[in-house]
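Worksheet: the structure to be examined is printed underneath.
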Amino acid sequence: MRALSEKEAPPPSFFPFSSIRAGKTKEGDFMIKEIVLKALAGMGVEADCSASLLTVAGVEVEIPKVQTQGDVSTPVALGLAGVLRKPPRTIAQEIVSAIKAMPQGEMAAFDTIEVAGPGFINFRFKKDYLYEQLRLLYKQRELYLRVDVGRGRRVLIEFVSANPTGPLHVGHGRGAALGNALSNLLQCAGYVVDREFYINDAGRQVRLLGHSVFAAYNTLLGTPYPFPEEGYRGELVEQVAGEIASIDGKRYVGAEFDNCAQHFIDYSYKRMLKEIEEALEAFGVRFDNWQSERVLFDSGMVKGGIDRLRNMGYVYDKDGAVWFKSSELGDEKDRVIIKQDGQYTYFASDMAYHVMKIGRGYDELINIWGADHHGYIPRVKAVLRAEGLQELRYGCTSDKRLTVLLVQMVSLLRDGKPVQMSKRAGEFITLRDVIEEIGADTTKFIFLTRRPDSHLEFDMEAAKRQSSDNPVFYVQYAYARINSIFKKHQTDALSLFIERVDSLDLSCLDTDEELQIIKKLVLYPMTFQSAVKNREPHRITFYLQELAATFHPYYNKHRILTEDNTLTDARLLMCACISIVLKEGLRILGLSAPEWM
RNA sequence: GCCCCCUUAGCUCAGUAGGAUAGAGCACAGGAUUCCUAAUCCUGGUGCCAGAGGUUCGAAUCCUCUAGGGGGCACCA
């Protein structure tokens, strides 16, 4: 923010959002931002609109930890103290006075607006305003909760993309849970999202898998064959070998691997892919598209991409290999794309893949990778930069077209002791094993209560021990409980009040607990927005726990179904709204919302 | 050697774009149900925010350094 000179009038298009957004209500935070900005405008202060697309920049709105500090609060005056060279409390007081002097009913939502502490401005909602919001929530359902941040922008989220050389492990599960939740989240925020799994079905790894299966096949049929160095072992490899044996019999026994490699490779990786797909299905994660690496080669995209970059001067020959001049594009060194032996590197196809993604018309790309691939980011970004695709495109956002979210390692433990995991030796606990042992919902919840970039200790025994009082059940139980209240009442939560929401008398919802709950519901969009903006679904997870934690004590203390019909209706309406929000949140996280527990 | 991530209560983790008195769950102790589901509720306390400097009105949060843990530095994927 900067101070305007007295003579400069604020531009007419000052407010990025109108007070009542198309077809929707005002939301707590936006409304406050607008009011404060309007007050500031009168004081000659202009907001810096270049900072962000998503927020009315410069005015932060927060929910205070302590109830005595209001329902929502802004520290904006503290930040302005330096600019205006006045004490923050004075500025805050001026803002408050300006708001109170506004003619158009800006105060309608608020009971009090006060200056507190070093210069915070604390707002307290009027009860009637909260009741109105509750009615709106009931009428608008999810629409009340979703904020259209994406505005139809197309996003491609690529995640998991595990090599089809064996089953998924917990680390993949973490990526899957995150990618799934993030996709749901962005969809709710008005993005058009595609979920994609990139299949590494070309190259050395699948060949190695085919070779391993070939060895197991021969050995199984009585002709011992040396197991390839660095090959893949494990039950599944044996099983696949057995399947081939039962289909083809002894046809390939004693053959040269090179003569039947394609058959073994194709059968094996497709089989592994099926396993992967089934595991993801069991985990409740689906993809819109499975992109084959091989297709990139077969369609000439890889070659075409290299030629194009060569024409731009970013590809050169050296030492019998073909190089990408990535060092000029932000990477620390140049990268080989075709090896001396004429083989493409993995990077060659990945390069083509990312160019293709953009070519498909996406506004934004999100890749979810294991943190062990972080060193790979600069070279992929270099490709986009070379193609001129890495430009800023959207007004004041600084978002690059490609965002790589790194998911940190998962250490699998059992009673505090590390579980030995060796993929090549084939001894490890798969994602399926974990789902089977502790459940898909609990597993997802554990992943989604942590920031993706922190290391995760996943203790199987702790997860199971907890599972009777696992936080995920705490949230789901709140949902089930409300459902059960309506069962008892023999009505349906979503249709009960549809004709008469507006005529309900809600003024009896005036206990402290009830007002807390309603505020929590009404402020959901704030959490939602910050989750979207930061690409952090785990914020929803914590919100849901907090919401459940307002409901359970309330349920325990007060009866919903009473002798008093007016009171009962009001409380039922509130419960219906809690249920709507819980369901929305659970859905975003990819968790079930059980009607009964 | 260089680069990235992490270090917050006994344990597992949050901490919202620097803001007010640092929070949950678990574990531990005691208590609550003739009544809508006890997977619930109520009452108990714990912190040198790894350490040291710096930036400023104000730092768990930003910068530098140090220590510890993890990961990466291929003509592998």
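These numbers come from the heavy atoms of this one structure, side chains and all, not from hydrogens, waters or symmetry mates. A quick note: this is a predicted structure, and the numbers were derived from the prediction, not measured. Throughout, a chain's letter reflects where its sequence line sits, starting with A, and its residues are numbered from 1.
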Check your understanding: Looking only at N and O atoms, is any donor in the side chain of A:Asn122 or the base of B:A20 less than 3.5 Å from an acceptor on the other one?
Key -> yes
Practice item. Assert yes or no for the condition that the ring centre distance of A:Tyr316 to A:Phe324 is strictly below 6.0 Å. Key: no
Exercise for review: Examine the side chains of A:Gln93 and A:Thr90 and answer whether a donor and an acceptor come within less than 3.5 Å of each other.
Suggested key: no
Review point. Could you state the CD1-C1' distance from A:Ile32 to B:U16, rounded to the nearest angstrom?
Key: 15 Å
Exercise for review: Could you tell me whether the phosphate oxygens of B:C36, OP1 or OP2, come under 4.0 Å of any side-chain nitrogen or oxygen in A:Lys487?
Suggested key: no
Exercise for review: Go through the N and O atoms of the side chain of A:His455 and the base of B:G69, and report whether any donor-acceptor pair is under 3.5 Å.
Suggested key: yes
Practice item. Please determine if a side-chain N or O atom of A:Arg451 lies less than 4.0 Å away from the OP1 or OP2 oxygen of B:G15. Key: yes
**Study point:** Whole-Å gap separating P (B:A77) and OH (A:Tyr232)
**Key:** 11 Å
Revision key, fill the gap. Residue set satisfying ring pair (Phe, Tyr, Trp, His ring centres under 6.0 Å) with A:Tyr479, at least two apart, ordered chain then number -> none
Check your understanding: Between B:C63 and B:G25, how far is it from one P atom to the other, in whole Å?
Key -> 32 Å
Review point. Taking atom types as modelled, is there a side-chain donor on A:Tyr269 or A:Arg207 under 3.5 Å from an acceptor on the other?
Key: no
Study note, to complete from the structure: In whole angstroms, the gap separating C1' of B:U40 from CD of A:Glu513 amounts to 15 Å
Point to revise | Closest nucleotide among B:G72, B:A17, B:C41 to the A:His374 side chain | key: B:G72
**Study point:** Interatomic distance at C1', B:U56 relative to B:C41, whole Å
**Key:** 46 Å
Practice item. Could you please name the option among B:A20, B:U40, B:C36 that lies closest to any side-chain atom of A:Ala116? Key: B:A20
Study note, to complete from the structure: By nearest-heavy-atom nucleotide on RNA chain B, the more 5' of A:Ala371 and A:Tyr376 is A:Ala371
Revision key, fill the gap. When rounded to whole Å, the CD to P distance for the pair A:Glu457 and B:C13 reads 5 Å
Exercise for review: For the side chain of A:Met409, starting at C-beta, report the closest nucleotide among B:G71, B:A17, B:A20.
Suggested key: B:G71
Check your understanding: Expressed in whole Å, how much space separates the C1' atoms belonging to B:A60 and B:G72?
Key -> 27 Å
Practice item. Kindly point out which of B:A77, B:U16, B:C75 is positioned nearest to the side chain of A:Trp323? Key: B:C75
Point to revise | A:Asp319 CG to B:A74 P, straight-line distance once rounded to whole Å | key: 16 Å
Exercise for review: May I ask you to decide whether A:Lys417 forms a salt bridge with A:Asp415, counting only side-chain N to carboxylate O separations under 4.0 Å?
Suggested key: no
Check your understanding: 5'-most contact on RNA chain B: A:Lys318 or A:Pro452, nearest heavy atom basis?
Key -> A:Pro452
Check your understanding: Base, sugar-phosphate, or nothing for A:Ala531, non-hydrogen atoms under 4.0 angstrom?
Key -> nothing
Exercise for review: Would you indicate which nucleotide in B:G72, B:C13, B:C5 comes nearest to any side-chain atom of A:Asp453?
Suggested key: B:C5
**Study point:** Rounded distance in Å between the P positions of B:U16 and B:A32
**Key:** 40 Å
Practice item. Could you check how far CZ of A:Phe347 sits from C1' of B:C76, rounded to whole Å? Key: 14 Å
Point to revise | A:Asn163, nearest nucleotide to its side chain (from B:G70, B:A17, B:A77) | key: B:A77
**Study point:** A:Tyr474, nearest nucleotide to its side chain (from B:A14, B:U40, B:C36)
**Key:** B:U40
Practice item. Determine whether any donor atom in the side chain of A:Ser73 lies under 3.5 Å from an acceptor atom in the base of B:A20, or the reverse, and answer yes or no. Key: yes
Check your understanding: With a non-hydrogen cut-off below 4.0 angstrom, is A:Gly79 in contact with a base, only sugar-phosphate, or nothing?
Key -> base
Review point. Looking for any heavy atom pair under 4.0 Å, which part of the strands does A:His489 touch: base, sugar-phosphate only, or nothing?
Key: nothing
Check your understanding: Is A:Tyr479 near enough to B:U40 that one of its side-chain N or O atoms lies under 4.0 angstrom from OP1 or OP2?
Key -> no
Point to revise | Sub-6.0 Å ring centroid separation between A:Tyr474 and A:His552 | key: yes
Exercise for review: Find the distance A:Met351:CE to B:A77:C1' and express it as a whole number of Å.
Suggested key: 16 Å
Study note, to complete from the structure: Pairing string of RNA chain B (Watson-Crick or G-U wobble, both atom distances under 3.5 Å; | = paired to other strand) is (((((((..((((.....[...)))).(((((.......))))).....(((((..]....))))))))))))....
Practice item. When you get a sec, tell me which of B:C75, B:A17, B:A39 is the closest nucleotide to the side chain of A:Phe473? Key: B:A39
Practice item. Counting heavy atoms from C-beta on, name the nucleotide in B:U16, B:A39, B:C36 closest to the side chain of A:Met597. Key: B:A39
Study note, to complete from the structure: Ranking B:C75, B:C36, B:A77 by distance to the side chain of A:Ile485, first place goes to B:C36
Check your understanding: Centroid-to-centroid, A:Tyr198 to A:Tyr353, below 6.0 Å?
Key -> yes
Check your understanding: CD1 of A:Ile338 versus C1' of B:A74: gap in Å, rounded?
Key -> 17 Å
Review point. So what does A:Arg539 hit on the nucleic acid, given a heavy-atom distance under 4.0 Å: a base, only sugar-phosphate, or nothing?
Key: sugar-phosphate
Exercise for review: Establish, with yes or no, whether the OP1 or OP2 oxygen of B:A24 is under 4.0 angstrom from a side-chain nitrogen or oxygen of A:Thr449.
Suggested key: no
**Study point:** Short side-chain N/O contact to B:C57 OP1/OP2 from A:Arg89, under 4.0 Å
**Key:** no
Practice item. For nucleotides B:G45 and B:A9, find the distance between their C1' atoms and express it as a whole number of Å. Key: 9 Å
Review point. Does a salt bridge link A:Arg310 with A:Asp317, judged by any charged N lying under 4.0 Å from a carboxylate O?
Key: yes
Point to revise | Salt bridge flag under 4.0 Å for residues A:Glu275 and A:Lys270 | key: no
Practice item. May I ask you to say what A:Glu332 touches in the nucleic acid, namely base, sugar-phosphate or nothing, with a heavy-atom cut-off under 4.0 Å? Key: sugar-phosphate
Review point. Rounding to the closest angstrom, what is the interatomic distance between B:C49 and B:U8 at atom P?
Key: 11 Å
**Study point:** Phosphate OP1/OP2 of B:C35 contacted by A:Lys488 side-chain N/O (<4.0 Å)
**Key:** no
Review point. Checking all strands, does A:Pro118 fall into the base, sugar-phosphate, or nothing category for heavy-atom contacts under 4.0 angstrom?
Key: nothing
Point to revise | Separation of the C1' atoms in B:C3 and B:A24, to the nearest angstrom | key: 35 Å
Practice item. In plain terms, say whether A:Asp266 and A:Arg294 are close enough for a salt bridge, that is, a side-chain N and a carboxylate O under 4.0 Å apart. Key: yes
Point to revise | Between B:G44 and B:A20 - P atom distance, rounded Å | key: 24 Å
Check your understanding: Does the side chain of A:Pro118 reach to within under 4.5 Å of the side chain of A:Pro88, using non-hydrogen atoms?
Key -> no
